[in-house]
Protein chains: 2
Amino acid sequence: MQSRSQVPPIMSNCDLCVIRNHAICAALDAKELEALNAIGRTRSIVPGESLIWEGEDSVLVANVIEGVLKLSTNTEDGREQIVGVVYPSDFIGRPFGGTTGHGVTALTEAKVCVFSRRDFDAFAREHPALEHKLLERTLGELDRTRRWMLLLGRKSASERLASFLLEMAERLEGQGCAVDFDKPNQRRLTLPFSRQQIADVLGLTIETVSRQFTRLKQDGVIDLPSRRDVTILDFAALTAEAG
Amino acid sequence: MQSRSQVPPIMSNCDLCVIRNHAICAALDAKELEALNAIGRTRSIVPGESLIWEGEDSVLVANVIEGVLKLSTNTEDGREQIVGVVYPSDFIGRPFGGTTGHGVTALTEAKVCVFSRRDFDAFAREHPALEHKLLERTLGELDRTRRWMLLLGRKSASERLASFLLEMAERLEGQGCAVDFDKPNQRRLTLPFSRQQIADVLGLTIETVSRQFTRLKQDGVIDLPSRRDVTILDFAALTAEAG
DNA sequence: CGGCAATTTGACTATCCTCAACAGGGGTGG
DNA sequence: CCACCCCTGTTGAGGATAGTCAAATTGCCG
């Protein structure tokens with residue numbers, strides 16, 4: 001099912017990097033990129049492994065090369081809320097001081113390009129084009145986050161799950177997402193989330209999420225080939241459900 | 001020493017601006033500031049008046065000089081969620097393209113320094129120090145927004161109101177907020193929100209907000225001298241309630 | 001003093017949560 | 001290779017929290 005892309009033996013060269021032209025690095029020319037590369041290193045993460053912990057001083061930042069990671073916060077008594085999800089070419093971490101307000105944990109196998117925050121800060125301040133890219137990315141992330149607040153504050157469980165599936169379909173475009181050419185209006189997604197994690201994204205319980213899944217399936221809006229897979233059968237209906 | 005005769009008497013001069021050293025303008029020297037001033041103008045807004053509408057192309061950006069404004073989105077069927085609140089020296093609007101995902105509406109009498117987005121974009125790209133300030137501000141806003149997601153996704157009504165009041169106490173520090181020297185552990189706030197607006201911030205209904213207010217009052221945690229005023233009597237209890 | 005809008009209060013309901021039992025399926029060891 | 005087990009997810013019953021609808025009250029402003 002999965003196409004196994006050939007990974008170069010060592011990823012020290014940004015020219016070979018698949019996100020070279022999509023991440024903030026796109027702001028840099030070859031020479032600058034070399035300098036950035038000198039202060040960074042790639043790192044692999046397994047599902048469930050954390051890169052950054054909530055509340056710690058911001059010590060590192062990173063670019064996502066491969067995989068999906070969650071940003072999450074917890075209340076003192078253990079309730080969790082996922083406050084963001086990052087995909088390849090997204091930026092992770094809190095540059096320019098302060099503490100990280102949320103943990104960063106891999107949902108899938110992931111590969112990231114990490115930098116010491118201090119090094120990155122210094123580099124960024126010398127390269128306005130990089131800071132500009134970072135600003136654009138941050139503004140976009142803020143937009144997305146605010147849209148999510150409407151979901152958390154005002155939408156019902158069914159609207160939340162429908163919205164979630166639509167966003168997944170959009171975000172996974174060209175990745176785990178497959179279009180079946182026989183049925184062009186359908187789309188099959190492999191979710192990088194467990195049911196519990198979906199609940200933590202949507203501000204619901206796992207049981208409520210599960211019930212909404214089965215309801216959507218019974219209504220013929222989606223199909224559930226396996227635990228992690230969803231086939232969207234009726235996009236229009238799903239969009240209507242999203243509120 | 002210097003002849004002041006050439007300085008225009010009108011308020012076109014940023015030197016007189018109260019937020020001069022707090023807003024992103026702080027990144028600029030006198031000459032740059034003059035250039036920025038040339039493309040901006042101040043504008044007064046009355047409560048309820050909108051500066052930006054949800055979904056429109058981003059045509060203007062602004063700095064808040066005075067007052068409080070809300071950022072809000074609505075579902076198609078009219079439910080509202082306030083996704084942000086801005087105070088003096090905060091930045092408003094969506095630079096660098098795209099559409100505004102949320103409306104911007106004054107909660108109090110307000111004064112803002114507005115710029116055409118195109119002019120501002122061009123100016124910003126020529127002044128990396130300004131973009132850096134804007135980046136820091138945007139990162140901070142993203143942190144704050146994500147913290148709010150935990151509240152919307154995982155907290156109960158009483159926890160939400162308690163968290164809200166604590167954030168208000170912090171944000172209104174030195175403004176409408178007064179410390180009574182007889183009772184140093186108390187603090188009186190004049191909220192810039194109606195009950196409905198508080199409900200729209202917290203993702204609750206006006207009735208639920210009202211009930212939580214009266215409960216906190218009955219428990220002796222707060223007092224409600226008038227509709228818009230809150231006196232926090234027991235900070236520790238309120239913090240405990242905030243979860 | 002009256003009118004009006006905002007807020008509070010009350011009664012009832014719905015949605016979602018909690019607790020609990022059950023099912024399924026993927027991996028492991030016999 | 002198959003049986004078993006454990007983890008994840010599903011289903012069910014009952015309860016609690018917050019929402020809805022309606023009425024009463026407050027306080028602000030002319």
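Every chain is numbered from 1 and lettered A, B, ... according to where its sequence line falls, protein lines coming before strand lines. Since the structure is predicted, the reported quantities are computational estimates derived from the model, not experimental observations.
Going from atom NZ of B:Lys217 over to atom C1' of C:dT8 covers 11 Å, rounded to whole Å. Following rounding to the nearest Å, B:Leu161 (CG) and C:dT7 (P) show an atom-to-atom distance of 13 Å. At whole-Å resolution of the value, CG in B:Asp77 and P in D:dG19 are 15 Å apart. When rounded to the nearest whole Å, the span between CZ of A:Arg227 and P of D:dT11 equals 12 Å. Regarding B:Arg215, its CZ atom lies at a distance of 13 Å from the P atom of C:dT9, rounded to whole Å. Spacing between atom CZ of B:Arg79 and atom C1' of D:dA18 amounts to 15 Å, rounded to whole angstrom units. In this structure, A:Arg228 places its CZ atom 10 Å from C1' of D:dT8, rounding to the nearest Å. Per the geometry, CG belonging to A:Asp229 stands 13 Å off P belonging to D:dG9, to the nearest Å.
The backbone N or O of A:Val112 lies less than 3.5 Å from no partner atom in the side chain of A:Arg43, so there is not a single donor-acceptor pair. For the pair B:Arg94 (side chain) and B:Ser58 (backbone), a donor-acceptor distance under 3.5 Å is absent. One N or O on the side chain of B:Arg160 and one on the backbone of B:Leu152 form a donor-acceptor pair closer than 3.5 Å. Listed for the B:Arg195 side chain is no donor-acceptor partner under 3.5 Å among the backbone atoms of B:Ile206. Checked by atom type and distance alone, the side chain of B:Arg154 pairs as donor or acceptor with a backbone atom of A:Leu204 at under 3.5 Å.
OP1 or OP2 of D:dT11 lies within a sub-4.0 Å distance of a side-chain N or O belonging to A:Thr214.
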Tell me, for nucleotides 12-22 of chain C in 5' to 3' order, what letter each nucleotide earns: B for a base near a protein heavy atom under 4.0 Å, S for only sugar-phosphate near one, - for neither?
----SSBB---

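Among the protein residues, A:Ser226 comes within range of no part of the nucleic acid, since none of its heavy atoms lies under 4.0 Å from any strand.
Counting all heavy atoms, side chain and backbone alike, B:Asp229 lies closest to B:Ser226 at OD2-OG, 2.9 Å. Taking all atoms of both residues into account, the shortest heavy-atom contact from B:Ala106 to B:Ala110 is CB-CB, 4.4 Å.
No hydrogens or angles were tested; on distance alone, nothing pairs the side chain of B:Arg195 with the base of C:dA6 as donor and acceptor under 3.5 Å.
Taken from CD in A:Glu141 to OG1 in B:Thr138, the straight-line distance is 12.5 Å, to the nearest 0.5 Å.
End-to-end axis angle for the helix from C:dC1-D:dG30 to C:dG30-D:dC1, using five pairs per end and rounding to 10°, comes out at 30°.
By the 6.0 Å and 45° rule, B:Arg171 does not stack over the aromatic ring of B:Tyr87.
For A:Ser194, whose side chain is taken as the heavy atoms from C-beta onward, the closest listed nucleotide among C:dT7, C:dT9, D:dG9 is D:dG9.
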